Amino acid sequence: MMEALFWDVQAWRNPFKKNIGSGASPAYFPTFGPAVGAVNRGIEGGISIASIILLVGGLLKFIFIPANSNFGLILSVILFILAGYALSEKINVQRYAVFIPMLAFFIWYFVFDANYSLVFLLYYLLVVGIVLAIFAVFSRGASVRPELLGFVPCLFFFLDLGMIPFLVEYLNLQITPLMESLILWMPWWSLLGLLTLPQQVSTNTFINGLVGLLKIFGIVYLIFILITPAIPDLGHYSQEGLPTAAELAAAQERVTEKIPKKENPFISNMYCLFVKGEYGNIQRCVEQRQEEQERIAFCEDKVKPITNQVQRDKAYETCLKEEAEKKKKEALQAGGTIDRTIRIPTEAKVVIRSESLPKIYVPDIPFPFEVQIANPRQQEIQMDVACKFKKKIGTDYVLGKVEKGALGDFISFRDQTYASQFLCIPQGELNGTYTLEVDLQLLNLQTPSRLQRAFIGNVPEAEKKRLEQEIHSVIREEEALVPAEFAGIYFDLGHATNEVIIENKVVVEDGKERRYKPILLRANIKNLGNGKILKIHNYHIDLPNFQVDRPACLDGTIDEKMIEAYTAGIPLPVCFITDYPLELKQPPQDIGWIAQEFEAQLFYDYQVTARETITVMPQVMPQ
Amino acid sequence: MKIALSLARLVTKVFVIQALVLFLMTGCISSPPGPGDISNYKEGVSDVDISLLQNAPPREVYPGSDFRIIVRLKNSLGYDAQDVSVALAGNFEKYISLSSRVQKAEGEEPGALKGRSLERPEGEEAFVEFDAKAGSLFLNAEEQQSPFIVKVSYQSALEFADTICINPNLYATYDSGCTVQSKKSYNGQGAPLVIASLEEITLSGSPGEVEFRLRLKDRGNGRVTWAELISAKVGAKELRCSFELDSGKKRIFHPQDNGEALLICRLPIDDPASYATAIALQFTYSYEASETQQLKIVNVQR
């Protein structure tokens, strides 16, 4: 085995004896090429172990070891070294040829902290180049290819640490489904292990067959993972230095946090194919399954802080229902998206704990419930609660009176969080199964939304295309952004739906200037929560110094009948922009365009309702 | 003896190869020319280099905080650049407010940066500073990505010179003069706008004419706003040139989408014999380059 590691040792031991009287011999000078005999012997002896360790170890690391941990980094280094073994075995060359560039990379990255200054690189690369050249010379060029391939483990090392999430963050790329797959589901070392598995792992046919199946499985897995659109074009990249291992791992963790946790696409595909049998509509089935898994993961995270198991299960069920409703409503909506920069939106819920509800009716027996409100913007909110008991069968109901203690009818608060318990006292006898309904009314709510647009002047088409590229690198969101609160205004301003650029192109007809393309303002109010919009006090879209042909599109109220008439969204009046500020019509030539962010405000009252089924029996008095 | 000779051969081989490697490596690595080094700075493709100073701006800023955006410009052209200005484009109304959006570079002369030359092998460098203030985040947002674009525009010159052969005899087999090279390619004249090729076509007629077709290409990272021909001569004779045939157009705006423009020049031939002479053209052009930079405004309480 040792002989296989280096050149033919015998030749070195007896160089002077070898050719005396025998003339020149090809074996005279030690060669640096592959010791073929040794390698051939090696196949039988399980030289593919390195690939198998890489495959299995890489998978275990991917599943169980967090990326941003010291242990994870140590493991990455071990697998990096093993990758060198595996690669050298695969391409059937001496290991040192592969390890030299790996060692050079390792020293540069960890010892010299990936120093990329020109002077340092000059000297370092010169030294490395000379070392590689010496070996290349002695091997008569045979070591060149393995030396170059030695950089492959370096690439996989970067990828495993988190090169793609780093590039996503620093290049501010949109996380496409392909990138999500690569970040979440690609065990890079396992992939390298799979690629370096030899054709014949052992003399045992069964084992070879198993490994072959494993290879096919791996390739199928890759296909399912990568079956999504390609990565979009990269923008300009400016950075101050190469990322360290810690930075890469931290970027991996940050980006992974932002990606909704879905199911592995491979598992979704297998489920749709073999469990649901959706051969004809597999893509739709996979999407639905992914959405379902996303909701499950989201709700599992959300209920984690609840310690009580029963309450946690209930909250989990409620969360699943709410998220499913939101998704349904999202599908009906157009022209807006949830503003993810606002991680803590205004929220309110009524919690009815069934275990606290009485089962035996006595007069004035209280039914407790809790109101929980998150008010991160510290709005001045007025709140009222009401309750009633609706007969399960029929339309009869028993009114309830809410005991608020010393609080008045309407409760006002500005706190960031508000949580309080109330009691619902039935105003009549209860006997049977009822639905306890608690209505929480929130008054004077305010939800702003925003929209970004870019204005250019009257420019030629070629110039417009050039400016478009610039503008799209700055303005990434073409739709209105609304916090995930109870309701909001989704609005769109421009020549066409979701068109970011508004140009001041005019044509002259009959001596009159006419806008080449009209600019339209469209808006609608959408119910984003699970409750009901009770009243819209006012809507206002702020377009400073813009003139419109119908002022009602910018400002107004909505009749309550109209609120009830629309379920998906309440359309606001549409209008044309007849004029807008000169500085937007004629941006400075040096810059070429001006960005503007517009805000809309919705002032409204909202009702959140919670329901709980109860069965109440009258008290049986002892005889 | 044989062994010693073989060893000597091996050692020589190794040394020769090492020397070659070292020679190639040092040859490939460009080092700044020393004072006595006579380099031609008016060759190849060069540009005005744009970069931001480290931490100016910082990668993350807090709402309401003041910071600076400092743009470093270095004129690596083989020519001086005039009217050098830096403009910042982005969503500045809402999230970042700037003291000014456009500023001129201040080199030794206001608004100008000297190019590379013997006196100044590195080219002149200037820093353009913008005072900025981060705005407020929208509602209680945790962060706001606020990318912006740094745009640099300048005017500069381009000089092209070469030796050509004028041969009016289309059919002459034997000529003791020079040989016409119908097409020549060039790798640049020390600017982002380059004369990529020169075609010479002898037109028959009485008198004969030579037509020169010069292909201008934008090989820089930005774009040519306009290019204008200032002078064109063959020897002492003026050439009749235009960007579009027979239109007399000496200025072109925005070379085509592929960044190319064709200049056609003509010269009547008086001399019946072939002769070698110099062709020289001078252009001025306006150039614009831009880079996108990232900036994040983060909530203090994050």
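Everything numeric in this text was worked out from a predicted model, so none of it was measured.
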- Message: So, taking the atom named CD in Glu470(A) and the one named CD1 in Ile149(B), what distance separates them when rounded to the nearest 0.5 Å?
- Response: 4.0 Å
- Item | Part of Pro483(A) within contact of chain B (heavy atom distance under 4.5 Å) | side chain
- Closest non-hydrogen atom pair between Ser473(A) and Pro147(B), with its separation: O-CG, 3.6 Å
- Answer yes or no: are there more than 12 heavy-atom neighbours, outside Glu380(A) itself, under 6.0 Å from its atom CD? yes
- Answer yes or no: does atom CZ of Phe67(B) have more than 12 heavy-atom neighbours from other residues, nucleotides or ligands under 6.0 Å? yes
- Region of Leu467(A) that comes under 4.5 Å of a non-hydrogen atom in chain B: side chain
- Message: Contact between Gln589(A) and Val102(B) at the side-chain level, heavy atoms closer than 4.5 Å - yes or no?
- Response: no
- Message: Rounded to the nearest 0.5 Å, what separates atom CD in Gln379(A) from atom CG in Leu139(B)?
- Response: 8.5 Å
- What part of Thr346(A) lies closer than 4.5 angstrom to a heavy atom of chain B: side chain, backbone, both or neither? neither
- Honestly, the part of Leu137(B) sitting under 4.5 Å from a heavy atom of chain A is neither
- Query: Which value, rounded to the nearest 0.5 Å, describes the distance between Lys94(B) atom NZ and Gln596(A) atom CD?
  - Reply: 10.0 Å
- More than 12 non-hydrogen atoms from neighbouring residues, nucleotides or ligands closer than 6.0 Å to CD on Gln469(A), yes or no? no
- Item | Approximate separation, where rounding is to 0.5 Å, of Asp590(A) CG and Gln103(B) CD | 12.0 Å
- Approximate separation, where rounding is to 0.5 Å, of Ile591(A) CD1 and Ser153(B) OG: 10.5 Å
- Interatomic spacing from CD in Glu597(A) to OH in Tyr95(B) - rounded to 0.5 Å: 3.0 Å
